[in-house]
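Structure record follows, encoded as structure tokens.
In what follows, chains carry the letters A, B, and so on, assigned in the order in which the sequence lines appear, proteins first and then strands, with residues in each chain numbered from 1. For the numbers below, each heavy atom of this structure counts, side chains included, while hydrogens, waters and symmetry mates do not.
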Amino acid sequence: MISNSFKSLYTGRYIQQISQYRLFCTSTSATATKTDASKFHLCIIGSGPAGLYTASKVHKHLPDANITVLEKLPYPFGLVRSGISPDHQNEKKVKNTLEKVLIEHPQLIHFVGNVTIDKDIKFQDIQKNFHAVVLACGIEGDRKLGIPLEDKLKNIYFARDFLGWLNGNLKDQNRKFDLTGKNVAIVGQGNVALDVARLLLKKNSDELKKTDITSTAFDQIHKSGVKNIHIIGRRGPLEVSFTNKELREILNLPGINTYINDISTLDLSPEQISKLDRVRKRSYDLLKEHLKPLESEQQLENTDKMNLIFHFLRSPVEFIGDESGGDSLVGMKLEKNELVNDEKTNQLKAVGTKEYIDLQCTSVFRSIGYTGTKQFTGVPFDFKSVSIPNHLGKVRKDVESPEFIPGLYVSGWIKGGPSGSIPNISHSSEETAAQLYLDYSTNQIDLNNSVSGEFGFQSVLSILKNANHRIINYDDWKKIESEEVKRGKEKGKLLEKIIIFDDLTNIINNGN
Amino acid sequence: MNIIKLKSIFTPSSLVTSYSRCGDKSLFVRYFSSKASNTDKKDLVTFNYINKDGSKSTVSAPVGENVLEVAHDNDIDLEGACECSVACSTCHVYVEPKYYNMLPEPTDEENDMLDLAFDLKENSRLGCQIVLTKELEGMTVTLPSASRNMFVDGYKPPKH
Ligand SMILES: Cc1cc2nc3c(=O)[nH]c(=O)nc-3n(C[C@H](O)[C@H](O)[C@H](O)COP(=O)(O)OP(=O)(O)OC[C@H]3O[C@@H](n4cnc5c(N)ncnc54)[C@H](O)[C@@H]3O)c2cc1C
């Protein structure tokens with residue numbers, strides 16, 4: 001094995017090799033490089049945006065490289081299929097961009113779905129059978145609030161599970177979401193919180209019904225008794241993580257009232273306003289324009305419209321169960337916060353004032369981020385940054401280590417942490433692909449470790465075949481997709497997703 | 001100049017793998033553009049892209065096409081993940097300041113997306129929102145690159 005230490009990046013040999021690469025790169029265009037990489041086998045774990053973008057960007061550098069994309073779900077596209085909201089079809093169009101690499105290079109780039117690492121195939125076996133591995137498996141492990149009664153009471157959910165459920169994600173189909181109550185609270189002030197709120201507000205939307213939302217989910221939302229949606233954040237209106245597009249979208253929904261718990265949080269002097277950066281200034285303007293003060297509970301009652309209420313500077317400190325001591329949720333105790341400058345980080349942080357209010361609600365969605373999970377033996381995970389420690393996509397031996405694990409890369413959420421949208425992932429993958437190519441062209445990837453016999457894609461197939469494991473390949477997926485389109489057509493909608501695993505396998509077996 | 005809603009977002013055709021970047025509009029423009037290029041040179045605009053590797057491509061395209069469509073027609077590596085629906089920022093480019101000032105102001109929707117663009121600058125725009133006019137003759141647009149620095153002689157990764 002070549003030692004892939006951080007220091008070696010600075011050796012003269014390395015610089016010289018980069019210069020050679022540069023010559024090479026400028027004499028041809030970067031997109032038409034003609035390195036013979038036909039003996040190079042790359043495995044990408046995860047087929048979300050990061051996995052498929054990386055495949056496509058590596059392919060541009062090394063058009064002959066063999067790339068195997070392993071995915072634990074029976075279908076590709078990660079959160080594009082199972083996270084991005086069904087009423088965001090424009091955002092979901094990235095599927096077309098991502099899929100191209102699978103369509104255009106069927107001999108070189110293979111999708112292998114329904115494979116769980118370490119259960120169906122050992123991670124070490126993958127490392128042994130490929131020259132390089134890119135982990136592009138996103139981030140899982142939703143963060144809890146960690147407050148009393150959270151694990152005891154019913155109707156406390158993760159927002160991402162709700163999006164997974166209505167997006168037809170198989171693993172979320174057994175979940176039940178109680179939407180019968182009038183008051184729903186969403187904790188967290190990022191885009192996923194707004195996704196949940198918006199979908200609940202669209203309960204009568206014919207447009208939503210015609211998307212790829214599952215019919216079951218739409219029916220439940222349609223029948224829901226929700227009238228008031230409370231979005232709760234511990235900091236103020238200038239610290240929200242909503243992006244302006246999502247904020248504009250929800251604040252402009254027709255037929256709803258939009259309130260703020262404390263209008264004084266929007267009182268800024270012209271001088272304070274002039275100091276806001278571009279993005280903040282625009283979100284401030286949006287909130288200022290659309291939010292009315294909520295002066296009494298009565299306001300929410302005296303209207304036929306649904307109400308969306310932003311609660312700023314509030315932290316849930318306890319869930320409240322019903323008087324019988326059973327497991328029914330009736331509300332949340334919120335502590336009022338004030339913002340204090342944190343000298344360590346020089347950022348405003350929320351500090352409790354020991355003043356409390358109760359908020360009535362019978363269902364709660366948590367959307368306060370992720371803890372992450374350590375998935376792969378021998379690969380470090382940094383729970384602080386919720387990512388695998390890396391430098392420009394090369395995985396470090398340990399969180400602070402200056403040395404790298406040879407041939408191991410990361411891309412997407414697992415590389416940079418669980419935030420950021422599709423354009424960030426494209427950028428993240430471009431960087432990783434460039435780093436991998438740089439390592440390849442400076443001989444830092446060991447190409448001589450092919451054990452005798454099978455290697456790369458073929459070896460994965462053999463291992464899984466010997467274990468009698470059913471994989472789902474790209475052609476299988478296309479059969480599923482065309483069935484989903486067909487079922488959708490029958491119902492006058494974009495897609496009706498298949499939400500039962502046995503249905504998937506039947507469709508594949510029966511072909512069409 | 002609002003091309004956001006030219007294609008209904010709920011047509012199943014967005015599922016069928018399509019290579020169109022801007023839905024029906026591009027077909028429409030193509031039809032006329034081939035005519036234009038045969039008959040009327042007056043309606044062509046010549047301008048430049050600085051590619052991700054720093055190289056320059058000079059192209060000519062008809063008035064009315066946008067910078068993203070033209071990039072795709074000329075194999076320039078500019079993405080367009082949302083196919084011109086102003087729902088992403090993957091076609092973000094830098095416009096030479098002189099020409100930037102000639103462009104109509106970005107809409108709120110475009111600004112919302114630019115908020116999210118990687119390495120936003122004063123002269124950032126979405127390629128799909130830059131529609132060619134004769135005024136833009138000679139313009140240069142630069143593609144942001146995540147990797148350009150990595151391929152420069154003697155590049156040292158930042159210490160941290
Ligand atoms: C609810 C929600 C809504 C969102 N809405 C938007 C939006 O509207 N617009 C936008 O731009 N962005 C949105 N995002 C963000 C966007 O989805 C992410 O930026 C992007 O999907 C991250 O890409 P990724 O490939 O890193 O991770 P993922 O998309 O999570 O893909 C990871 C893939 O790896 C697979 N995997 C995981 N572990 C393994 C394993 N051990 N073996 C094999 N495969 C594995 C997973 O099944 C998955 O398919 C949203 C995110 C969420 C959660």
Q. What are the two closest non-hydrogen atoms of A:P423 and B:T90, and how far apart are they?
A.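 Taking every non-hydrogen atom into account, CA-CG2, 3.8 Å.
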
Whether over 12 other heavy atoms sit under 6.0 Å from A:E400 CD:
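Counting other residues, nucleotides and ligands, CD of A:E400 stays at 12 neighbours or fewer.
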
- Query: Between A:K245 and B:D115, does at least one N-O distance fall below 4.0 Å, as a salt bridge requires?
  - Reply: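 Looking at A:K245 and B:D115, the cut-off is not met.
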
In Å, rounded to the nearest 0.5 Å, how long is the span from [atom1] of [X] to [atom2] of [Y]?
{"X": "B:E83", "Y": "A:T97", "atom1": "CD", "atom2": "OG1", "value": "6.0 Å"}
{"X": "B:M113", "Y": "A:T243", "atom1": "CE", "atom2": "OG1", "value": "6.5 Å"}
{"X": "B:C82", "Y": "A:H88", "atom1": "SG", "atom2": "NE2", "value": "12.0 Å"}

Side chain, backbone, both or neither: which part of [X] has a heavy atom under 4.5 Å from chain A?
{"X": "B:D119", "result": "neither"}
{"X": "B:N111", "result": "both"}
{"X": "B:L114", "result": "both"}

- Task: Can you sort out the partners of A:F218 under ring-ring contact (aromatic ring centres under 6.0 Å, His included), two or more places apart, ordered by chain and number?
- Result: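 Once residues adjacent in sequence are excluded, the partners of A:F218 under the ring-ring contact (aromatic ring centres under 6.0 Å, His included) criterion are A:H222.
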
### Audit row: B:E79, A:S426, side-chain hydrogen bond (donor to acceptor under 3.5 Å, both in side chains) steps and yes/no
CA-CA 9 Å; B:E79 248 188 79; A:S426 169; 2.6 Å; yes

Looking at chain A, which one of B:D108, B:L120, B:N51 has the largest number of heavy-atom pairs inside 4.5 Å, strictly under?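 The candidate making the most pairs under 4.5 Å is B:D108.
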
Please determine, among B:C88, B:G54, B:S89, the option with the most heavy-atom pairs under 4.5 Å with chain A.
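Result: the option with the highest number of such pairs is B:S89.
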
Q | Side-chain donor/acceptor of A:R248 to backbone N/O of B:D112, under 3.5 Å | A |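 Looks like no, no N/O pair under 3.5 Å.
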
### Query
Of all of A:R282, A:E431, A:E91, which one pairs up most often with chain B through heavy atoms under 4.5 Å apart?
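The candidate making the most pairs under 4.5 Å is A:R282.
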
Could you work out, with side chain to side chain donor-acceptor pair (under 3.5 Å) as the rule, every residue matching B:N74, not counting sequence neighbours?
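Testing B:N74 for side chain to side chain donor-acceptor pair (under 3.5 Å), a comparison that skips the adjacent residues, returns none.
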
